[in-house]
Amino acid sequence: MDHSEYILDFVIPAGKRGTTGANGLPGKQGPTGPTSQEDLIYNQYNNSFTTGLLNIFKTIILPDDSLCFSVNNNEITINKPGNYEYTLCGKINGSANLNIQVIDENSKLDNIASISSVKEATLFSKSGILKITSKQKIRLYFFANATNANVEPLKFIIKRLPF
Amino acid sequence: MQNSSNYTLDFIIPIGPTGPTGPQGIEGITGPTGPASLSALIFSDFNSMPKQGYLTIYKNTILPTNSPVFIPSSDQINITEPGNYEFIISGTIGGLSANEIISISMEVQSEDGMKYSVMLASIVADANQECFAQTMLLTFEKKQTIKLYLRKNDIYNSSAETVNLLIKKLAF
């Protein structure tokens, strides 16, 4: 300093750092999920000339790890409640009847569909809807009403519906 | 600034730096459920029909139960939405007489009055009983009415039996 000039020399610190900002906006909605799968079971049955349960000789369950269905020699078990669509098709020769039987957890048996043949060769296809409220077994029962009556290998597909 | 006796000190104090970015926002809401390949279906059981005419419905199952797509009445099913539909029909014609001529067809009528028939089975009987089954895919651009018609000579004792119709509205 001299007598006519003054120097002001100081440091003005910057203000303190601001507080953390508010949370950002929520993210965008996720993408649409994949198409729903409908578990299914496809069985081929052995032919038969005798009255009784038809035996399964080939089974395909999709997807591979589906818990909806299990199968043994002559019965399909539907393990999950829900609505199911079925189609049974094949050929019956001679006088005979074929029943689609359902057995519930209390061993109550119900014939949900029946196909009858009165002639040499009956080609048929039968579809329907099953409402399953508890574990159920499904099987095919063949009644041969005449000596040479028989059923050729049948195909039976059951699909779990998405509603 | 200066006047004769007072001095004003005028300066700017800079503000502090911007604070750190806030934390990430919360996760977005879950996306919608993926589509199913089916939107709705109706499964109808028809009464036995021993005479020429329209088959009447004995029982319907509609899924989902509150679906507005299908409105059945005594002898027809109304389809209320345009779309692609899979039809699966099966049944038996029993009590046939030798050489009897009989047929069963599906009549499709649009809300604008256009109508056509789809032949399901046309039989010249050589046995007491015949089974039939058909699967088809139909595309509708308008509302439709579906009926099943049995054509026969009523002097014969044949009848359409255990006729089922499954109609599925596809999701594509």
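Sequence lines set the chain letters: A, B, ... in the order given, protein chains first and strands last, and positions in each chain run from 1. Since we're looking at a predicted model, the values are computed, not measured.
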Student: Once the angle between the rings of Y54(B) and Y149(B) is folded into 0 to 90°, is it parallel (under 30°), tilted (30 to 60°) or perpendicular (over 60°)?
Tutor: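 Y54(B) vs Y149(B) ring planes: perpendicular.
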Student: What residue pairs, at least two apart or across chains, pass ring pair (Phe, Tyr, Trp, His ring centres under 6.0 Å) with a residue in residues 14-43 of chain B?
Tutor: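 Sorted result for residues 14-43 of chain B: empty, none.
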Student: Under 4.5 Å from any heavy atom of chain A, what part of I89(B) do you find: side chain, backbone, both or neither?
Tutor: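 Contact with chain A is absent: no heavy atom of I89(B) under 4.5 Å.
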Student: Relative to chain A, which segment of T61(B) carries a heavy atom at a distance below 4.5 Å: side chain, backbone, both, or neither?
Tutor: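 Just its side chain gets close to chain A.
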Student: Against chain B, label S116(A) side chain, backbone, both or neither, depending on which of its atoms sit under 4.5 Å from a heavy atom there.
Tutor: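 Looking at S116(A), backbone and side chain both touch chain B.
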Student: Before we go on, tell me: are the rings of Y86(A) and Y84(A) under 6.0 Å apart, centre to centre?
Tutor: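 When the ring centroids of Y86(A) and Y84(A) are compared, they turn out to be at least 6.0 Å apart.
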Student: Is it the backbone or the side chain of L166(B) that comes under 4.5 Å from a heavy atom of chain A, or both, or neither?
Tutor: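 It is the side chain, since no backbone atom gets that close.
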Student: I'd like to know if R139(A) and E75(A) make a salt bridge, using a cut-off of under 4.0 Å between side-chain N and carboxylate O.
Tutor: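 A salt bridge links R139(A) with E75(A).
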Student: In terms of heavy-atom pairs under 4.5 Å, which option from T21(B), T92(B), L41(B), D45(B) contacts chain A the most?
Tutor: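 Result: the option with the highest number of such pairs is L41(B).
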Student: Who among G94(B), G22(B), S67(B) has the most heavy-atom pairs with chain A under 4.5 Å?
Tutor: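 Ranked by heavy-atom pairs under 4.5 Å with chain A, first place is G22(B).
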Student: For the candidates T19(A), L25(A), T122(A), N83(A), which exhibits the highest count of non-hydrogen atom pairs separated by less than 4.5 Å from chain B?
Tutor: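 It is N83(A).
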Student: Which one of K28(A), E120(A), K126(A) has the most heavy-atom pairs closer than 4.5 Å to chain B?
Tutor: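 The residue among K28(A), E120(A), K126(A) with the greatest pair count is K126(A).
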Student: Contact part of S39(B) toward chain A, heavy-atom cut-off under 4.5 Å: side chain, backbone, both or neither?
Tutor: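 Contact with chain A involves the backbone of S39(B) alone.
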Student: Using non-hydrogen atoms and a 4.5 Å limit, figure out which bit of L38(B) sits close to chain A: side chain, backbone, both or neither.
Tutor: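 For L38(B), backbone and side chain are both near chain A.
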Student: Under a 4.5 Å heavy-atom cut-off, does chain A meet the side chain of A171(B), its backbone, both or neither?
Tutor: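 When you check distances to chain A, no heavy atom of A171(B) falls under 4.5 Å.
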Student: Using only atom types and a distance under 3.5 Å, with no angle test, would you say the side chain of N78(B) pairs donor to acceptor with the backbone of I71(B)?
Tutor: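 It does hold such a pair.
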Student: Before you tell me yes or no, could you show the steps for N148(A) and N93(A) under side-chain hydrogen bond (donor to acceptor under 3.5 Å, both in side chains), namely the whole-Å CA-CA distance, both residues' side-chain angles and the distance that decides it to 0.1 Å?
Tutor: CA-CA 8 Å; N148(A) 293 327; N93(A) 300 310; over 6 Å; no
Student: Taking non-hydrogen atoms and a cut-off under 4.5 angstrom, which of residues 120-146 of chain B neighbour chain A?
Tutor: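 Those residues of residues 120-146 of chain B which have a heavy atom under 4.5 Å from chain A are A127(B), N128(B), Q129(B), E130(B), C131(B), A133(B).
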Student: Could you tell me whether a side-chain N or O of N106(A) sits under 3.5 Å from a main-chain N or O of K108(A), the two making a donor and an acceptor?
Tutor: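 No, N106(A) side chain to K108(A) backbone: no donor-acceptor pair under 3.5 Å.
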Student: So, the side chain of K152(B) versus the backbone of S158(B): is there a donor-acceptor pair under 3.5 Å, distance only?
Tutor: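 Confirmed, K152(B) side chain pairs with S158(B) backbone.
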Student: Could you please spell out the steps behind the side-chain hydrogen bond (donor to acceptor under 3.5 Å, both in side chains) verdict for S127(A) and T87(A)?
Tutor: CA-CA 4 Å; S127(A) 292; T87(A) 297; 2.8 Å; yes
Student: Check whether any side-chain N or O of N79(A) sits under 3.5 Å from a backbone N or O of L67(A) as a donor-acceptor pair, and report yes or no.
Tutor: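 Judged by distance alone, yes, a pair lies under 3.5 Å.
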Student: Give a yes or no on whether the backbone of T50(A) and the side-chain of S48(A) come within a donor-acceptor separation of less than 3.5 Å.
Tutor: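 Yes: the side chain of S48(A) pairs with the backbone of T50(A).
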